[in-house]
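Encoded as structure tokens, the structure appears first; notes follow it.
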There are 2 protein chains.
Amino acid sequence: MSTAATPNLHLEDQVCFALYSAARAAQQAYRPLLDELGLTYPQYLVLLVLWEQDGLTVTALGERLHLDSGTLSPLLRRLEAHGFIARERADVDSRRVLVSLTPAGDALRERAADVQRCLLEAVTLAPAELLALRDLSRRFVGPEA
Amino acid sequence: MSTAATPNLHLEDQVCFALYSAARAAQQAYRPLLDELGLTYPQYLVLLVLWEQDGLTVTALGERLHLDSGTLSPLLRRLEAHGFIARERADVDSRRVLVSLTPAGDALRERAADVQRCLLEAVTLAPAELLALRDLSRRFVGPEA
DNA sequence: CTCAATTGAATTGTGCGCAATACTTTAGGC
DNA sequence: GCCTAAAGTATTGCGCACAATTCAATTGAG
């Protein structure tokens, strides 16, 4: 279809379009499940991090998710308004904002396990293919990320 | 780390987070290149489709890109404001809006080939891995897509 | 100690993505 | 022809992403 000298510009051949479509398809698969928890997908990702390690700063959350404060500040404000997290300035350095789970936020953890199960059932790829997709995607992000 | 009965909730193990991160990394790789053309990545995708087949309706564009009119209408308005496309109601059915390239939009096609070349150089994955990533992503989107 | 530089978070502005709604045009049933 | 239903697009509202800016708190050089 094309040579190295003339890269093809067909939509269907584009790796990045496939990634772009797959990422949105993933969010759409999550949406009905997360709706029941009152969460969006990025909010769910924040909780995934906090369930692993509570009490992180906004910057630390951003490093894990590759998001900056411009995205996280309003997102965390909504999570707080929904009662899932609390934010407080650190004593030692009042520039830092420590994000911690409320009991309600911690309680979501069990229900989130069901979300994972439902999603795995909906996916048509074989387990080994999912692992391959995950690892290729991670390496696409960068050698170190 | 986990069994089938208790799916793990670690961020780093999530396929969808890897996709989400990779898709955003792809857009960030495109951004500096597309900035020079005055395009965003979704706008670039629309032009990719039009370079293949000009004069499509909004719905036809949406089917190719998996986007609805809520996303495309303002995006096309901006592409039109920038002089890259024109929109006109179809004669046979004035509900349909035909989107067509202007000379300026058509001229971008050559410069876009350079964008592809720069991106391929920046990517660290081997060609075969890129194909694998593309095909797994497409199959993740759905058996039908 | 003082002041400039740096850090951490929030804010502002633009552009998606998507659900829900509205509006116009066309097609059908009669 | 008339009236209802359907199709095609646009609009509204909300929540990300991200660049750029702002602001307060801390650090460090002197």
Side-chain angles (χ1 to χ4, degrees), chain A residues 16-17 19-32 34-35 38-47 56-63 65-82 84-85 87-99 141, chain B residues 16-17 19-32 34-35 38-47 56-63 65-82 84-85 87-99 141:
Chain A
C16 294
F17 173 66
L19 278 174
Y20 164 84
S21 301
R24 287 194 293 118
Q27 288 207 36
Q28 297 206 16
Y30 268 105
R31 191 181 314 279
L34 293 180
D35 275 351
L39 295 174
T40 66
Y41 183 67
Q43 290 168 10
Y44 170 74
L45 291 178
V46 166
L47 292 182
L56 292 174
T57 65
V58 173
T59 299
L61 274 170
E63 286 172 355
L65 299 170
H66 316 307
L67 293 172
D68 66 6
S69 70
T71 300
L72 285 176
S73 283
L75 186 157
L76 294 173
R77 180 184 310 285
R78 286 184 283 269
L79 274 181
E80 186 178 39
H82 282 44
F84 298 136
I85 65 166
R87 293 190 293 174
E88 58 173 350
R89 296 277 171 180
D91 290 343
V92 292
D93 184 346
S94 65
R95 288 172 304 183
R96 296 170 184 255
V97 169
L98 299 177
V99 181
V141 170
Chain B
C16 294
F17 173 66
L19 278 174
Y20 164 84
S21 300
R24 288 195 292 121
Q27 288 208 35
Q28 298 208 14
Y30 268 105
R31 192 181 313 278
L34 293 180
D35 275 350
L39 294 174
T40 65
Y41 183 68
Q43 290 168 9
Y44 170 74
L45 291 179
V46 167
L47 291 183
L56 292 174
T57 65
V58 174
T59 299
L61 274 171
E63 285 173 356
L65 299 169
H66 316 306
L67 292 172
D68 66 7
S69 70
T71 299
L72 285 176
S73 283
L75 187 156
L76 294 173
R77 181 185 310 286
R78 286 183 284 270
L79 275 180
E80 186 177 40
H82 283 43
F84 298 136
I85 66 166
R87 292 190 292 173
E88 58 173 351
R89 295 279 170 179
D91 290 343
V92 292
D93 183 346
S94 65
R95 289 172 303 181
R96 297 170 184 254
V97 169
L98 299 177
V99 181
V141 170

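Note that this is a predicted model, so its numbers are computed, not measured. Just so it is clear: chains get the letters A, B, ... in the order the sequence lines come, proteins before strands, and each one is counted from 1. The figures that follow rest on heavy atoms only: side chains count, while hydrogens, waters and symmetry mates do not.
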*Send over the distance from B/Arg24 CZ to C/dG17 P, rounded to a whole Å.*
13 Å
*DNA chain D: 5'-proximal contact among A/His82 and B/Ala25 (nearest heavy atom)*: A/His82
*Distance from A/Arg24 atom CZ to B/Leu19 atom CG, nearest 0.5 Å?*
12.5 Å
*Could you state the CG-P distance from A/Asp93 to C/dG8, rounded to the nearest angstrom?*
8 Å
*B/Asp91 atom CG, over 12 foreign heavy atoms within 6.0 Å*: no
_5'-most by nearest nucleotide on DNA chain D - B/Arg31 or B/Ser73_ = B/Ser73
*Does a side-chain N or O from B/Tyr41 land closer than 4.0 Å to OP1 or OP2 of C/dG15, or not?*
no
*Send over the distance from A/Asp68 CG to C/dT7 C1', rounded to a whole Å.*
15 Å
*Taking B/Arg87 for its side chain and B/Leu98 for its backbone only, find out whether a donor-acceptor pair lies under 3.5 Å.*
no
*Whole-Å gap separating C1' (C/dA19) and CD (A/Gln27)*: 14 Å
_On the nucleotide C/dC23, are OP1 or OP2 found under 4.0 Å from the side-chain N or O atoms that B/Arg95 carries?_
no
*Starting from P on C/dC16, measure out to OH on B/Tyr30 and report it in whole angstrom.*
16 Å
*Going 5' to 3' on DNA chain D, which nucleotide is the first and which the last to come under 4.0 Å of a heavy atom in chain A?*
D/dG15 to D/dT26
*asked:* Under 4.0 Å, heavy atoms only, any strand: does A/Leu72 hit a base, just the sugar-phosphate, or nothing?
replied: nothing
_Tell me the closest heavy-atom pair linking B/Phe84 and B/Gly38, and the distance in Å._
CE1-O, 4.1 Å
*asked:* I need the CD-C1' distance between A/Gln28 and C/dC16, as an integer number of Å.
replied: 14 Å
_Smallest separation among heavy atoms of A/Ser69 and A/Pro74, with atom names_ = O-CD, 4.0 Å
*asked:* Tell me if a side-chain donor or acceptor on B/Tyr41 pairs with a main-chain N or O of B/Gln28 at a distance below 3.5 Å.
replied: no
_Spacing of CG belonging to B/Leu75 relative to CD1 belonging to B/Ile85, to within rounding of 0.5 Å_ = 8.0 Å
*Any side-chain N or O of B/Thr40 under 4.0 Å from OP1/OP2 of C/dC16?*
yes
*Name the closest nucleotide to the B/Ser94 side chain, picking from C/dG17, C/dC18, C/dT25.*
C/dT25
*Check whether any side-chain N or O of A/Arg96 sits under 4.0 Å from OP1 or OP2 of C/dT7, and answer yes or no.*
no
*Within this structure, what is the OH-to-C1' distance between B/Tyr20 and C/dG17, rounded to whole angstrom?*
13 Å
*Report the residue (A/Arg77 or B/Val92) whose heavy-atom-nearest nucleotide on DNA chain C is the more 5′ of the two.*
A/Arg77
